[in-house]
Each structure stands twice: as structure tokens, then as C-alpha cells.
K.L.:
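This is the structure I have questions about; it appears just below.
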Amino acid sequence: MVRYKNVNSSKGIRYYVYICQSHADHPAFCHKRYFHETKLIEILWDTLQREIALAENLDRLVRQYSKSSKAVSQEAAVKREIAAAKQSLSRAEMLYDSLFQNYADKLMSEQEYTEMKRQYRTDMERAQSRLNELEQRQSVYRLRKRPVSGGPLAAPFPQVLLPILLPVSV
């Protein structure tokens, strides 16, 4: 949309309209030729208020769910899985670190050493990726619990948008 200034010469009133570019290009597809600025601001204001109300409701529902017994038990299960993944990773690292010493003491052949080295390295990578996945899931639980107070949804309407939406008196 393109903003144009119109002046009513008999009354000396100045007003702005937004002309629809789609209508200019294809009049058959867009029935609205233009919007008065006041009407457009009103539509934007209503739309933004509805979107903010939806976001606040969603935030309230997320906080409500995060306090539920199901969410608490899921978070506890993730914590247990993280502990198990850390233990698995540290065990694989310990076995990997002791592997060369066993080979040097001639407790295994070179073929056994390379095979076990590859296996332990795979186990470490798998345990690390599982641990990363679980920690990411745990961070989602933490985000759900974080309050939104002081954020843009705390005020009735974001103050930053008011100068954009309010008509400028000239």
C-alpha cells in the first residue's frame, strides 16, 4: 500500500489514504481501491489487540500446564535420563581412556584394540548426542516456567507501537 495525501480544497482539510497496489495492478482481483488512514489504523489496532490477547492466553496456558503433575513428572523423567546419559558418557570415556593401556600391556591384539576403540568412540558420540538432546528438552521446561512479567505483554498495549499507530497532527 502506498500513502497519499489528499486535501479538500473547499474545506481545507488534509487527510491521508493508502492506495492498494494490488488494485492498481489488477482491479478485478482487489475490490478496495483505497483505505482512509484512520480506518486502517483502527483495523491494525483491533488486530494487534486480538493478537496480544491470544499471546497472553497462550502464555497463561503454558504456565498452567508447566505446573501440572504431568509436566512435573515429565521434567523429573528428563532429569533422570540426563543423569543416566551422563553416567553412560563418563563410562564410555573411562573405557576409551583405559583402552590403550590394555593394548600396551598386551592384554589385547591390535585388531581388538582398533575394533573396541571404534566401538567406544561410537558409544561416546551416541551418549553425547543423547545428552545434548535431553538438555535441550530440559531447557524447554525451564522456558515454560519463566515469568513474562515486564515483557511487552505486561502492559495493555506495547508503548513502542503507539507512535506508529496514532495519527500525527500536522
Side-chain angles (χ1 to χ4, degrees), residues 1-3 18 20-26 29-30 40-166:
M1 298 189 103
V2 180
R3 184 179 189 211
Y18 286 85
C20 179
Q21 190 63 40
S22 298
H23 179 78
D25 295 341
H26 309 284
F29 295 124
C30 183
L40 187 60
I41 288 172
E42 183 181 312
I43 291 170
L44 287 173
W45 181 267
D46 290 343
T47 303
L48 285 172
Q49 284 181 328
R50 269 186 269 134
E51 292 298 319
I52 288 170
L54 285 173
E56 286 175 342
N57 288 339
L58 182 62
D59 178 56
R60 183 181 48 78
L61 289 173
V62 166
R63 280 188 276 125
Q64 185 179 2
Y65 172 75
S66 68
K67 294 176 183 175
S68 72
S69 61
K70 183 178 179 180
V72 170
S73 65
Q74 285 178 345
E75 186 177 2
V78 167
K79 285 181 181 178
R80 285 191 302 274
E81 287 184 58
I82 286 175
K86 284 181 179 179
Q87 186 178 10
S88 172
L89 179 61
S90 67
R91 181 177 184 278
E93 287 173 342
M94 181 191 67
L95 290 172
Y96 183 81
D97 291 343
S98 66
L99 196 59
F100 181 75
Q101 187 60 42
N102 291 340
Y103 173 67
D105 291 342
K106 305 280 186 208
L107 297 175
M108 65 178 68
S109 69
E110 184 177 349
Q111 181 182 3
E112 289 174 323
Y113 169 73
T114 55
E115 178 62 29
M116 292 180 84
K117 182 179 175 182
R118 185 189 58 76
Q119 180 184 352
Y120 290 149
R121 191 175 290 157
T122 304
D123 290 346
M124 287 187 327
E125 289 171 357
R126 190 177 301 126
Q128 185 63 52
S129 67
R130 178 69 178 151
L131 182 61
N132 291 343
E133 174 189 324
L134 291 169
E135 286 175 343
Q136 187 174 7
R137 194 181 318 166
Q138 187 181 35
S139 70
V140 169
Y141 289 121
R142 286 187 190 132
L143 285 176
R144 286 182 187 163
K145 289 183 176 181
R146 190 179 316 157
V148 184
S149 63
L153 300 179
F157 195 78
Q159 298 298 317
V160 121
L161 295 177
L162 288 177
I164 297 169
L165 294 177
L166 293 178

K.L.:
For Leu99 and Met116, work out which heavy atoms get closest and say how close.
P.N.:
CD2-C, 3.7 Å
K.L.:
Kindly assign one of parallel, tilted or perpendicular to the pair Phe100 and Tyr113, based on the angle between their ring planes and the thresholds 30° and 60°.
P.N.:
perpendicular
K.L.:
Would you compute the distance between atom OG1 of Thr122 and atom NZ of Lys117 and round it to the nearest 0.5 angstrom?
P.N.:
12.0 Å
K.L.:
Do Asn132 and Gln136 have side-chain atoms, one donor and one acceptor, less than 3.5 Å apart?
P.N.:
no
K.L.:
One thing to verify: whether Arg121 and Glu125 come together as a salt bridge, which I'm taking to mean a side-chain N less than 4.0 angstrom from a carboxylate O.
P.N.:
no
K.L.:
State, to 0.1 Å, how close Asn102 and Met108 come at their nearest heavy-atom pair, and which atoms those are.
P.N.:
CB-CE, 3.7 Å
K.L.:
For a quick test of your reading: what N or O donor-acceptor pairs under 3.5 Å do the side chains of residues 83-92 make, sequence neighbours left out?
P.N.:
unit_1 : atom_1 : unit_2 : atom_2 : d
Ser90  : OG     : Lys86  : O      : 3.4
Ser90  : OG     : Gln87  : O      : 3.0

K.L.:
Are side-chain heavy atoms of Ile52 and Gln49 found at a separation under 4.5 Å?
P.N.:
no
K.L.:
Starting at CD of Gln74, measure out to OG of Ser68 and round the result to the nearest 0.5 Å.
P.N.:
7.5 Å
K.L.:
What I'd like to find out is whether the side chain of Arg130 reaches to under 4.5 Å of the side chain of Arg126, using heavy atoms alone.
P.N.:
no
K.L.:
What distance do Gln138 atom CD and Leu131 atom CG have between them, rounded to the nearest 0.5 Å?
P.N.:
9.5 Å
K.L.:
Between Gln111 and Glu115, is a side-chain contact (heavy atoms from CB on, under 4.5 Å) present by the stated rule, with each step listed?
P.N.:
CA-CA 6 Å; Gln111 181 182 3; Glu115 178 62 29; 5.5 Å; no
